[in-house]
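Worksheet: one structure, shown below.
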Amino acid sequence: MSPTVHELRNAIRAATGRFEREVEASFTKEELQAICETLETDVAEPDQPSTTRMRRRIRAQVGIAESPEAAAESTFRKADLQAIADAVGASSEV
C-alpha cells in the first residue's frame with residue numbers, strides 16, 4: 001500500500017531532523033528550511049526566504065521543475081512529496 005501524504009510528510013520531517021507530527025499539517029517555514037539544507041539548496045538571503053520561494057527551490061532541486069522560476073508556488077502534492085522523500089532519503093514504510 002502506498003504511503004499517505006501525512007506519512008510522506010512525517011518521513012521527510014524525520015529525514016531532515018525535524019519532529020514528526022501526530023496531526024496532518026503542511027510544512028512550516030522552519031521545516032522547509034530544513035529540507036532546503038538537507039538538499040543543499042542555496043537559501044542564503046539576509047532574511048529567511050518566503051515559503052513560496054523555498055517550495056520553488058525544492059521543486060527545482062529534486063527535478064520536479066526545470067528551475068525555481070518555472071516551479072509551481074502551491075503546496076506540495078503527493079507526487080511532489082514522494083520525489084522529495086526520495087531525494088532526502090526518507091523512508092515512508094509503515
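- Between the side chain of D86 and the backbone N or O of A83 there is no donor-acceptor pair closer than 3.5 Å.
- In this structure, the separation between CD1 on I84 and CD1 on I35 is 6.0 Å, given to the nearest 0.5 Å.
- R21 CZ: more than 12 foreign heavy atoms inside a 6.0 Å radius.
- In this structure the side chain of F76 never reaches within 4.5 angstrom of the side chain of V5, judged on heavy atoms.
- Scanning both residues, A60 and S67, for their nearest heavy atoms gives CB-C, 3.6 Å.
- Listed here is the closest heavy atom pair of R13 and A25: NH2-O, 2.8 Å.
- The backbone N or O of E73 sits nowhere less than 3.5 Å from a side-chain atom of R56 that would complete a donor-acceptor pair.
- The minimum heavy-atom distance between A87 and V62, with the atom names listed, is CB-CG1, 3.4 Å.
- Here the closest non-hydrogen pair linking A11 and A90 is O-CB, 3.4 Å.
- Residues T75 and F27 form no side-chain contact, since every pair of their non-hydrogen atoms from C-beta on lies 4.5 Å or further apart.
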Q.
Let's go through E31 and R9 carefully: what are the C-alpha distance in whole Å and the side-chain angles of both, what is the deciding distance for salt bridge (charged side-chain N to carboxylate O under 4.0 Å, His left out) to 0.1 Å, and is it a yes or a no?
A. CA-CA 10 Å; E31 290 167 339; R9 280 193 196 109; over 6 Å; no

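- Checked by atom type and distance alone, the side chain of K78 never pairs as donor or acceptor with a backbone atom of L8 at under 3.5 Å.
- Of the inter-residue distances, the one linking R18 atom CZ with T38 atom OG1 reads 10.0 Å to the nearest 0.5 angstrom.
- By the neighbour-count criterion of 12 heavy atoms within 6.0 Å, atom CD of E40 is sparsely surrounded, having that number or fewer from other residues, nucleotides or ligands.
- The CD atom of E22 lies 10.0 Å from the CD atom of E20; values are rounded to the nearest 0.5 Å.
- Once rounded to the nearest 0.5 Å, the distance linking CG of L32 with CD1 of I58 reads 5.0 Å.
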Q: Could you check R55 against C36 for side-chain contact (heavy atoms from CB on, under 4.5 Å), going step by step and ending with a plain yes or no?
A: CA-CA 9 Å; R55 282 194 300 262; C36 287; over 6 Å; no

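- Of all heavy-atom pairs spanning Q61 and T41, the tightest one is CG-OG1, 3.4 Å.
- For the residue pair S50 / K29, no side-chain donor-acceptor distance below 3.5 Å is found, with atom types taken as modelled.
- Formation of a donor-acceptor pair under 3.5 Å by the R59 side chain with backbone atoms of P68 is not found in this model.
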